[in-house]
Amino acid sequence: MVERPDDPSMAAPREEVAVEVAGLHKWYGDFHVLRDINLKVLRGERIVICGPSGGGKSTLLRCINRLEDWQRGRVVVDGIELTDDPKRILAVRRDVGMVFQQFNLFPHLTVLENCTLAPIWVRRMPKRDAEALAMSYLERVKIPDQASKYPARLSGGQQQRVAIARALCMGPNIMLFDEPTSALDPEMVKEVLDTMVELAGDGITMLVVSHEMGFARQVADRVIFMDEGQIVEVNAPKEFFSHPRHERTRLFLKQILHLAGGSGPQPLAGEPSS
Amino acid sequence: MSAIGDQSLLYVRRSPADRLPPPAARAGALGWLRTNLFSSPANIVLTLGCVLFIVWAVPPLLRFFLIDAVWSGTDPDACLASPAQPHPGACWAFVRVWYSYFVYGFYPIGQRWRVDLFFLALAFGVVWLLRLSAPRRDIGALYFFVVLPVLSFVLLHGAPWIGLRVVPTALWGGILVTVVVATIGMVASLPLGILLALARRSEMPVVKLFAVIFIEFVRGVPLITVLFMASVMLPLFVPEHLAPDKLVRALIGVALFASAYMAEVVRGGLIAVPRGQYEAARALGLSYRRMTGLVILPQALRVTLPNIVNTFIGLFKDTTLVFIVGIFDFLRTIEAARADPKWAAPTTTVTGYVFAALFYFVCCYGMSRYARNVEARLTRSDRR
């Protein structure tokens, strides 16, 4: 079982901090998209961020590997403070894997080449080692037989699993998932979530922007609710779903759980291995 | 409501539908004719019109260029009307006599083997580089971009220390010059164009401004102006002994002109690459150069390949404009030959121009076919 402190503050003594966001503000033109975000993510912690669209969830996630810059505040990842210095940015990105809503596989490369590109060119790994590594991760996401195909020949669920394998090939300490199942057909959501549940069992630090409440309930150490560029509520999943503290959270949960069939978050097939 | 419900129930399947082979297409030549040429009244009219046009136009052309044509003869009289041939056709004898002039210009006759060797080396390099199935294309690229330029310079210009006498570029001419200008223009314009396109999309304002000014200025000026500036104005700013050769000046002008166009073509390809590709590459920790070289450019050049070849074809034909600065390219040699009063038969001019058209067409069509091949191959390999 995943360790789940009921009180989020109890997580504090656990080891070191993987990501620290302090007083983060970001504007798109006049639009204040992130307002005073403060967040500490501990190593090995699994965090699900949810909230209405336009609330700044993805933007916050993308600040952590500096795909977005910000105007005020600081972000420290694995002890490296992100600044304009390209060396720091590259160092952080090497350590932080990211999975996108639209998969973003490289269409001109085969599945295997997608996975070996960064290990070969960024980690300077010999080609043979990189391929062996990539195959081991493709086996973990259960598509080793597709290795020589081009991404366009794969289903959405398969593409997203390749994207996860591609990120894992860099051996990241932290994984960011930006709505990884939102672009998938319903019958493919589960295969991707199962992969993520399995990954969560490995103790990698995960930040997941998602509306999959079943996943949040099963895997998350903390659930963060964001709205209008602010963190409205941070809570342990059990508390979050049964006793949301904030009125706005209550309304949001009511809306999305109603959409899911009104029967509350559905558990996934496999419990995470401990 | 219930009636509709009952009705739809009638369509519930009781057994699985068999898989059937697709129906045979309407076969036979007659079927093809009917669907493609005679499917509607308008189509019938068009078909008949085209047939009539072909019947009207093709036989006279065949008669003039093949049947009545004068194929042999070493003097102009062969192409003049005489009792034996009251209506002489195309004067291919003229092309045969002047052929070596068309190919080499005034290149000294004893040294022309060097030009032949250059053509061979170039053809070898082109095939090695462009045949996708050729072995070790990395060495092929090295040969084409490093060895071949040096070899060509030594061969064509000469190197006294190994016994090849110097042939000044003023003596070069004909197809030799056209091939040299076109090849260097293409080979230089692609990398330059890529750099300019990247610069124009750069976030660094100075780099971007430079690229925008260069591209817009060069594109906004006719090639003839660029050539004039390169050949007339450049010497005004550079001391005479440093002024580059006339052909080199024209080459620089053509290359810069073509690279401005190429930059816009490549930029179109860069725009077509989705933002997510940049983000995925950056999220993996690839530096700007790696991201550009490994992820963005391969995709951008792929979608823009037809446009690149289009630009190359345009450039190939634009090389004819170098005559304006006194360089004897292929078309200019034909001009010179047809103006020779000795060959003042009425048919020589037409024949000369048709010969030139044939040459340009074969080269451009070859490029076009090659590009279609590569496109088909790329489509097969990575699309559904």
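So that the names make sense, note that chain A is the first sequence line, chain B the second, and so on, each numbered from 1.
- Contact annotation for A:Phe106: both backbone and side-chain heavy atoms come within less than 4.5 Å of a heavy atom of chain B.
- Between A:Pro144 and A:Lys142, the shortest heavy-atom contact is CD-C, 3.4 Å.
- For a residue to count as touching a neighbouring chain, one of its non-hydrogen atoms must lie under 4.5 Å from one of that chain's; by this rule B:Arg282 touches chain A with backbone and side chain alike.
- Using a 30° and 60° split on the angle between ring planes, B:Phe316 and B:Tyr360 fall in the perpendicular class, above 60°.
- At a 4.5 Å heavy-atom cutoff, the contact between A:Leu105 and chain B is made by backbone atoms alone.
- Heavy-atom distances place no part of A:Arg123 under 4.5 Å from chain B, backbone and side chain included.
- Taking a 6.0 Å sphere around CH2 of A:Trp70, one finds it holds more than 12 heavy atoms contributed by other residues, nucleotides or ligands.
- Taking the six-membered ring for Trp and thresholds of 30 and 60 degrees, B:Phe257 and B:Tyr261 have ring planes inclined between 30 and 60 degrees apart.
- Chain B forms more heavy-atom pairs under 4.5 Å with one residue of A:Leu117, A:Val96, A:Leu176 than with any other, namely A:Leu117.
- Here the side chain of A:His25 pairs no donor or acceptor atom with the backbone of A:Val33 at under 3.5 angstrom.
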